[in-house]
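Naming convention: chains lettered A, B, ... in sequence-line order (proteins, then strands); numbering from 1 in each chain.
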Amino acid sequence: MRWEGRAWVFGDNVDTDQIIPGRYLRRVSYDELGRYAMTGADPEFPEKVREGDILVAGRNFGCGSSREQAVMALQQAGIACVVAESFARIFYRNALNRGLPTVEAREDPTEIVEDGERVVVDLDELVLRSESGEVPLREPPEFARRAWREGGLLELARRNPERPPWR
Amino acid sequence: MATVVERFLSEKCGERVEAGDVAVVEPDVIMLHDGSGATALRTLRELGTERVKRPDRVVLIFDHSVPPSSVEAANRQNELLAFARRHGIERVHVDEGVCHQILVERGYARPGRVIFGGDSHTPTAGGVAALGFGFGGTDMAFTLLYGELWLRVPRTIRVHVTGDLGPGVTAKDLALTIVGELGAGYADYAVLEYTGLPERLPVGDRMCLCNLATEAGAKSAYVPPAEGPERLRPGDADETVELDASEVEPVVSVPDAVDRVRPVGDVQGEEITRVFVGSCTNGRYRDIRAFTEALDALGGPDPNVRIVVVPASRRVLLRLARDGTLERLIELGASVAPPGCGPCLGEHLGVLGDDDVCVSTANRNFPGRMGSVEADIYLASPLTAAVAAARGELADPREELPRTALERVSGS
Ligand code: SF4
């Protein structure tokens, strides 16, 4: 798997309130979440982001409340994948379920990426490449690769609801 | 020997599992609230099925937007009620209080049980020696559908607390100090087990400690009961961190991160416009009572401060009403909102404006958490909140409050 696109850079501990602020959760329908993606961190983000863009962040991305709308908002905004030094576990699971690839980097990827520049996330070579350098990526678990390829565990369950996707 | 979580999960899946293993677990309790319940329901629809494997294990609690804060919220809650009726889900608690408090009050969370909840603070159940795990809506939909879910067995980090808390220093100060020392992601994928002093604290304080474990990234949290069968007592741990409670001071988490913990003395004088007392962290009877007594002892609130108090449950509210605390609170000029999450999630009942500076007894101070992204939130104990409310600025409760007021809430 491989993604190439413009990158948007965020710091450590980006929590779900920054990804989709709580005040929109029950005011906005599920299909409109993308219009508010990342506005807790950058109010202009929805105007800048385009289909296929990539988020790059530091440690503990997606911490805070368990709201799955955070994943939906990023997907609706067109984010193809998120590369971070680490992810909060509920966010990681939500992303796995909904098929948003979350790739862990072995070093802080924000060090080598400028806001808006083109980057390549290459899961075959396990590397993130930017103009100014490279950062090695962690090997994702096989079941995660499979889930991302198939559109998430949810998609697997949709095709066969009788059988738990982990069985 | 095994860790407590290895013991509990081995029991639930019927085979011996260890940290790092992927286990498929059937939880004793499947908890959903009006927020996560709505997402789970939507996910079931996406899956084109509405089966609920174990309706007898499902507990549905409306607490986030109660009474409904918008048409959208009201519709979603009505849909959930209809869903519960269709599937014979009988344990439904509407407007009764915050889910984590209700789980304990109603005895759904009890020693040895495993709880899967659609809320990140489900580890709060560790205060009564149950293991709670928080999940998002799709995982909860899976749990409804299959009665089970996959889970990687977490490792255990033990926080061993020696010594005692000094006068005016509360379990909240201890909990925040631990999060500050460990840092926001330190316990990612791990169980935080609190031993030593925490084992001797009252249930509410133990819940407060476990509640904030989430902010250190923990997957679950646990305080062993002081007495009880061997299987509930501390087992192995993969790592131990020690902390001396007598060195803990009254602290605050300063904006905009829970792990940015400073002694209150360091931010003394910071002007305050709002105070929120409540939530699954500190909305219990002793919290609100301590707040009221301290505020009273200081002569009531500063005229520039608006106070919202939200009891964690109807039972808490009743107790406050019966012993006169509620009356005193109202006389002192606090707004008392119905039991539930209140303004904790920034949706209603006291949303913050751009220039507001709030002292909150809850567990999150991220930008925008309680309303405007411009607003500042300091997390603190009910005592520190009372002092801030009275003085209109942050100050150390040990300097401001009479000795008698400090003793009442110290330590145990
Ligand atoms: S009180 Fe706040 S932290 Fe607790 S469950 Fe409600 S919204 Fe979540």
Inset, instruction - Using a cut-off of under 4.5 Å on heavy-atom pairs, state which of A/D12, A/D15, A/N60, A/N94 scores highest against chain B. - result: A/D15

Inset, instruction - Decide yes or no for A/I90 and B/F135: does some side-chain heavy atom of the first lie under 4.5 Å from some side-chain heavy atom of the second? - result: no

Legend entry - B/D259 side, atom CG; A/N13 side, atom CG - distance, nearest 0.5 Å: 6.0 Å

Inset, instruction - Assess A/R93 against B/W150: is NZ or CZ under 6.0 Å from the centre of the six-membered ring, and within 45 degrees of the ring's axis? - result: yes

Inset, instruction - Go through the atoms of A/F61 and report whether side chain, backbone, both or neither lie under 4.5 Å from a heavy atom of chain B. - result: neither

Legend entry - Contacting region of A/E155 [heavy-atom separation from chain B under 4.5 Å]: neither

Inset, instruction - Give, as side chain, backbone, both or neither, the part of B/A38 having an atom under 4.5 angstrom from any heavy atom of chain A. - result: both

Legend entry - Region of A/R59 in contact with chain B, defined by heavy-atom distances below 4.5 Å: neither

Inset, instruction - Please round to the nearest 0.5 Å and tell me the distance separating atom CZ of A/R89 and atom CG of B/L151. - result: 7.0 Å

Legend entry - Which atoms of B/D139 approach chain A - backbone, side chain, both or neither, heavy atom under 4.5 Å: both

Legend entry - B/T214 portion near chain A, given a 4.5 angstrom heavy-atom threshold: neither

Inset, instruction - Test side-chain contact (heavy atoms from CB on, under 4.5 Å) on B/F142 and A/N97 and set out the steps. - result: CA-CA 10 Å; B/F142 284 150; A/N97 285 335; 3.5 Å; yes

Legend entry - Which atoms of B/R369 approach chain A - backbone, side chain, both or neither, heavy atom under 4.5 Å: both

Legend entry - Heavy-atom pair of closest approach, residues A/F87 and B/Y189: O-OH, 3.3 Å

Legend entry - Interface moiety of A/R163 toward chain B, non-hydrogen atoms closer than 4.5 Å: backbone

Legend entry - More than 12 heavy atoms from other groups under 6.0 Å of CD on A/E114: no

Inset, instruction - Inspect the surroundings of CZ in A/R159 and state if more than 12 heavy atoms from other residues, nucleotides or ligands are less than 6.0 Å away. - result: yes

Inset, instruction - Counting only heavy atoms closer than 4.5 Å, note whether A/L96 contacts chain B via side chain, backbone, both or neither. - result: side chain

Legend entry - Student check: side-chain heavy atoms of A/T16 and B/F366 closer than 4.5 Å: no

Inset, instruction - Mark yes or no for whether A/R158, through its side chain, and B/G48, through its backbone, hold a donor-acceptor pair below 3.5 Å. - result: no

Legend entry - Backbone of A/P161 reached by a side-chain donor or acceptor of B/Y146 within 3.5 Å: yes

Inset, instruction - Give the member of A/S29, A/P165, A/S65 that has the highest number of heavy-atom pairs under 4.5 Å with chain B. - result: A/S65

Legend entry - A/E142, CD atom: more than 12 neighbouring heavy atoms under 6.0 Å: yes

Inset, instruction - Find out whether the Lys NZ or Arg CZ of B/R45 is both under 6.0 angstrom from the six-membered ring centre of A/Y30 and within 45° of the ring's axis. - result: no

Inset, instruction - Apply the test side-chain contact (heavy atoms from CB on, under 4.5 Å) to residues B/D256 and A/Q18: give CA-CA distance (whole Å), side-chain angles for both, the deciding distance (0.1 Å), then the verdict. - result: CA-CA 11 Å; B/D256 295 322; A/Q18 294 181 55; over 6 Å; no

Inset, instruction - Any chance you could measure A/Y92, atom OH, to B/D188, atom CG, to the nearest 0.5 Å? - result: 12.5 Å

Legend entry - Electrostatic pair B/R42-A/E68, nearest N-O below 4.0 angstrom: no

Legend entry - Residue pair B/G368 / A/D17: nearest heavy atoms and the distance that separates them: O-OD1, 4.3 Å

Inset, instruction - Select, from A/G40, A/G64, A/C63, A/A70, the one with the greatest count of heavy-atom pairs under 4.5 Å involving chain B. - result: A/G64

Legend entry - Side-chain heavy atoms of B/T43 within contact of A/L154, under 4.5 Å: yes

